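So the structure is just underneath, and the comments pick up after that.
Not measured: the values here are computed from a predicted model.
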Amino acid sequence: MRKAQKEQAQELVRQMEEAHDQIRKFIEQSSIPSAMELLEECQNGGITLGTLIENTEGEGHPTVLFLEEYCELTYQIYEDLNAGKDININKIYKLLRQKLIKAANSIKNDIGVRKEAVFLPYKASMWDSLESVWKAADEDENCDAYVIPIPYYDKNPDGSFREMHYEADQYPKYVPITRYDEFDFEKHRPDMIYIHNAYDNWNLVTSVHPNFFSGNLKKYTEKLIYIPYFVLDEVAPDNEKVIENIKHFCFMPGIINADKVIVQSEDMKKIYIKEYLKAAKRHGLQGRHLDQEYLEQKFLGLGSPKYDRVCSTKREDLDIPQEWLKVIEKADGSWKKIILYNTGIASLLAYNEKWVDKIESVLKIFKENQNEIALLWRPHPLIESTMKSMRPEVLRKFMAIKEDYITQGWGIYDETADVDRAVVLSDAYYGDGSSVVQLYRQTGKPVMIQNVEIIT
């Protein structure tokens with residue numbers, strides 16, 4: 001039984017207890033019709049409770065048996081009053097109370113509370129930021145966990161919505177999916193809602209459907225929980241120069257509205273709290289938003305589920321496409337060294353066309369060494385959407401390079417939702433600084449950041 005349902009049942013019992021006092025008073029005052037009316041209401045209350053418990057706990061539950069006894073007693077008293085029989089009011093009152101107390105104690109002790117956790121990923125490639133938390137909830141026998149991928153839109157330069165994307169078919173087969181338009185949030189009112197997109201309408205490139213903005217979700221749950229879809233390089237809390245470049249992550253609509261924010265470390269928690277306080281003051285927020293003690297409980301440095309996923313995945317468990325194996329395997333069956341080439345949004349926005357020139361030169365070098373090295377090129381999942389919205393002038397050249405690379409077939413182009421497969425499969429990382437770097441370092445394998453200024 002859900003927490004709200006149990007509270008509803010206990011409230012109904014309380015109302016029936018109050019009715020007993022009124023029944024006693026009416027009988028003492030010889031207001032028999034009024035007493036009979038309340039007895040009928042108590043019987044209906046018992047039936048309503050029994051139906052609720054049978055629907056949630058199954059038939060034959062002990063509480064239902066106690067409620068049946070209670071209903072039989074109210075019916076018998078009703079019939080005696082209707083027949084004009086002399087009754088002992090003190091005895092009646094005591095019997096009603098005893099029967100209802102048995103049912104109330106059974107509701108308290110024999111009915112457990114089931115929780116409901118809802119996970120709202122939007123991009124399938126970012127599912128790893130929620131997966132280990134979902135697994136824990138799904139394995140809890142007292143929790144119903146729902147994975148509900150939500151639609152998102154690319155944005156035009158003027159902020160209007162362009163194409164809609166819905167990636168429900170891109171999640172692992174072991175993840176049961178619930179459609180977003182088949183889940184009634186008002187009816188369910190889940191105990192917890194997990195999100196990994198905190199931007200709401202602040203993002204210039206994409207937007208989740210407005211129905212799933214954090215401010216709206218907060219109406220339907222007591223606990224809205226935000227877990228970033230990325231991990232950052234660890235920074236000392238007093239390193240103001242570096243923090244200046246990441247502070248925007250610490251204050252967004254989803255973070256403001258969230259009841260809990262789970263970040264990758266205790267140091268990162270300190271940074272989030274410090275930067276959140278500064279931004280909250282600038283934006284004129286009041287109350288708990290400026291309460292250090294409250295923020296210490298709101299932000300939790302528990303680690304990132306992304307680490308859990310990548311550290312628990314082994315190369316032998318990977319499903320490697322046959323097209324990839326053609327690139328990876330040498331003629332003798334052995335494997336080439338696999339380099340993950342990751343290109344990200346921050347470098348695109350910083351270097352524009354020079355960034356595309358850098359990619360072109362890198363691909364040329366790896367093509368010349370394809371007999372010994374297999375290149376696995378994985379751009380950021382939102383790279384093309386970002387170009388369309390913010391850098392349309394470099395999109396055509398990038399697409400020409402991409403299409404040429406795919407057509408030639410000497411390397412792998414990975415635009416699937418599973419970044420962990422690329423991390424685990426590869427032997428080393430090369431490319432832009434991004435959240436994948438911090439994730440990659442968890443594997444202990446080499447990492448090299450490309451310098452866009454240097455083009456060979």
### Query
Given V64 and E68, is the side chain to side chain contact (heavy atoms under 4.5 Å, CB included) satisfied, shown in steps?
CA-CA 6 Å; V64 176; E68 287 176 350; 3.9 Å; yes
### Query
Does CD belonging to E293 count more than 12 external heavy atoms closer than 6.0 Å?
no
### Query
Are D140 and K115 ion-paired here, with the side-chain N under 4.0 Å from a carboxylate O?
no
### Query
Do N55 side-chain atoms and T51 backbone N/O form a donor-acceptor pair below 3.5 Å?
yes
### Task
Might you work through the salt bridge (charged side-chain N to carboxylate O under 4.0 Å, His left out) test for K223 and D191, ending with a clear yes or no?
CA-CA 6 Å; K223 191 170 288 187; D191 298 276; over 6 Å; no
### Task
Drop me the distance from R309's CZ to L439's CG, to the nearest 0.5 angstrom.
10.0 Å
### Message
Check this for me: D158, atom CG, are more than 12 non-hydrogen atoms of other residues, nucleotides or ligands nearer than 6.0 Å?
### Response
yes
### Message
Could you go through K298 and D259, starting from their C-alpha distance and side-chain angles, then the distance that decides it, and tell me whether this counts as side chain to side chain contact (heavy atoms under 4.5 Å, CB included)?
### Response
CA-CA 6 Å; K298 176 186 177 93; D259 298 288; over 6 Å; no
#### Entry: Distance under 6.0 Å and angle within 45° of ring axis: R421 vs W324
yes
### Task
Examine distances only and state if a side-chain atom of H61 and a backbone atom of D110 form a donor-acceptor pair shorter than 3.5 Å.
yes
#### Entry: Short N-O contact, E17 and R14, less than 4.0 angstrom
no
#### Entry: Donor-acceptor pair, side chain of S106 and main chain of K102, under 3.5 angstrom
no
### Message
Whether K274 and E240 form a salt bridge (side-chain N of Lys/Arg under 4.0 Å from carboxylate O of Asp/Glu) is what I want to check.
### Response
yes
### Carboxylate-amine/guanidinium contact D128 K306, below 4.0 Å
yes
### Message
If we check side chain to side chain contact (heavy atoms under 4.5 Å, CB included) with K91, which of these qualifies: L95, I87, I89?
### Response
L95
### Query
Does Y430 have any ring pair (Phe, Tyr, Trp, His ring centres under 6.0 Å) partners at least two apart in sequence or in another chain, and if so, which?
Y341
### Query
H165 and D154: side-chain hydrogen bond (donor to acceptor under 3.5 Å, both in side chains), yes or no, with the steps?
CA-CA 8 Å; H165 303 275; D154 295 328; 2.7 Å; yes
### Task
State whether the number of non-hydrogen atoms from other residues, nucleotides or ligands found under 6.0 Å of E316 atom CD is greater than 12.
yes
### Message
Looking at K278 and E275, is any side-chain nitrogen of the basic one under 4.0 Å from a carboxylate oxygen of the acidic one?
### Response
yes
### Query
Do the ring planes of F251 and H283 sit parallel (below 30°), tilted (30 to 60°) or perpendicular (above 60°)?
tilted
### Message
Tell me whether the NZ or CZ atom of R189 lies within the 45° cone about the ring axis of Y220 and under 6.0 Å from its centre.
### Response
no
### Query
Would you call I273 and K269 a side-chain contact if the rule is heavy atoms closer than 4.5 Å?
yes
### Summary
Between the CG atom in L73 and the SG atom in C42, the distance rounded to the nearest 0.5 Å is 10.5 Å
### Message
Just so I know, are the side chains of Y93 and L96 near enough to count as touching, which here means a heavy-atom distance under 4.5 Å?
### Response
no
### Query
Is there a side-chain contact between I227 and P305 (heavy atoms, below 4.5 Å)?
yes
### Message
The test is side chain to side chain contact (heavy atoms under 4.5 Å, CB included); show your working for S214 and I255 and say whether it passes.
### Response
CA-CA 9 Å; S214 60; I255 295 178; over 6 Å; no
### Message
How about CD on Q29, more than 12 heavy atoms from neighbouring residues, nucleotides or ligands closer than 6.0 Å, or not?
### Response
yes
### Task
Return yes if some donor-acceptor pair links the side-chain N/O of T74 with the main-chain N/O of C71 below 3.5 Å, else return no.
yes
### Query
Atom CG in L39, atom OG in S34: separation rounded to 0.5 Å?
11.0 Å
### Message
For K135, is there an ion pair with D308 - N to carboxylate O distance below 4.0 angstrom?
### Response
no
## Note on the structure
Closest non-hydrogen contact found for F398 with W377 is CE1-CZ2, 3.8 Å
### Gap separating the CD1 atom of I412 from the CG atom of L325, nearest 0.5 angstrom
8.0 Å
### Query
Looking only at atom types and distance, does a side-chain atom of N82 sit under 3.5 Å from a main-chain N or O of Y78, one as donor and one as acceptor?
no
### Task
Please check if atom CD in E37 has more than 12 non-hydrogen atoms from other residues, nucleotides or ligands closer than 6.0 Å.
no
### Message
Checking the side chain of T221 only, and the main-chain atoms of P190 only, is there a donor and an acceptor separated by less than 3.5 Å?
### Response
yes
### Query
Is a salt bridge present between K402 and E415, judged by a nitrogen-to-oxygen distance below 4.0 Å?
yes
### Query
Taking atom CE of M448 as the centre, does the number of heavy atoms from other residues, nucleotides or ligands within less than 6.0 Å exceed 12?
no
### Message
Has K445 got a side-chain atom pairing as donor or acceptor with V423's backbone, closer than 3.5 angstrom?
### Response
yes
### Summary
Nearest heavy-atom approach of K155 to R162 is O-NH1, 2.8 Å
### Query
Would one find more than 12 heavy atoms of other residues, nucleotides or ligands at under 6.0 Å from atom NZ of K3?
no
### Query
Taking the inter-plane angle between the rings of Y70 and H20 on a 0 to 90° scale, is it parallel (under 30°), tilted (30 to 60°) or perpendicular (over 60°)?
tilted
### Message
Is the ring pair Y146/H188 parallel, tilted or perpendicular, if the boundaries are 30 and 60 degrees?
### Response
perpendicular
### Reference residue R378; test side-chain hydrogen bond (donor to acceptor under 3.5 Å, both in side chains); the match among T343, D418, D414, N342
D414
### Query
Distance-only, no hydrogens or angles: does the K99 side chain make a donor-acceptor pair with backbone N or O of L67 under 3.5 Å?
no
### Message
With ring-ring contact (aromatic ring centres under 6.0 Å, His included) as the test, pick out the partner of Y122 among W127, Y152, Y166, F212.
### Response
Y152
### F185 atom CZ, over 12 foreign heavy atoms within 6.0 Å
yes
### Task
Considering only NZ, NE, NH1 and NH2 on the basic side and carboxylate oxygens on the acidic side, decide whether E266 and K270 come within less than 4.0 Å.
no
### Task
Could you tell me the separation between the OG atom of S426 and the OH atom of Y440, rounded to the nearest 0.5 Å?
2.5 Å
## Note on the structure
OH of Y226 to CD1 of I256, rounded to nearest 0.5 Å, is 12.0 Å
### Query
Within the distance-only criterion (no hydrogens, no angle test), does the side chain of K260 pair as donor or acceptor with the backbone N or O of Q297 below 3.5 angstrom?
yes
### Query
Going by the angle between their ring planes, with limits at 30° and 60°, are Y229 and Y199 parallel, tilted or perpendicular?
tilted
### Message
Checking the side chain of Q264 only, and the main-chain atoms of L232 only, is there a donor and an acceptor separated by less than 3.5 Å?
### Response
yes
### Task
Tell me, with the steps shown, if D427 and R315 meet salt bridge (charged side-chain N to carboxylate O under 4.0 Å, His left out).
CA-CA 11 Å; D427 297 292; R315 181 181 274 190; 3.3 Å; yes
### Task
For residues I449 and G433, report the shortest heavy-atom separation together with the two atoms involved.
CG2-N, 3.8 Å
### Query
With under 30° as parallel and over 60° as perpendicular, where do the rings of F119 and Y194 fit, or are they tilted in between?
parallel
### Query
Can we say K241 and E244 salt-bridge, meaning some charged N sits less than 4.0 Å from an Asp/Glu carboxylate O?
no
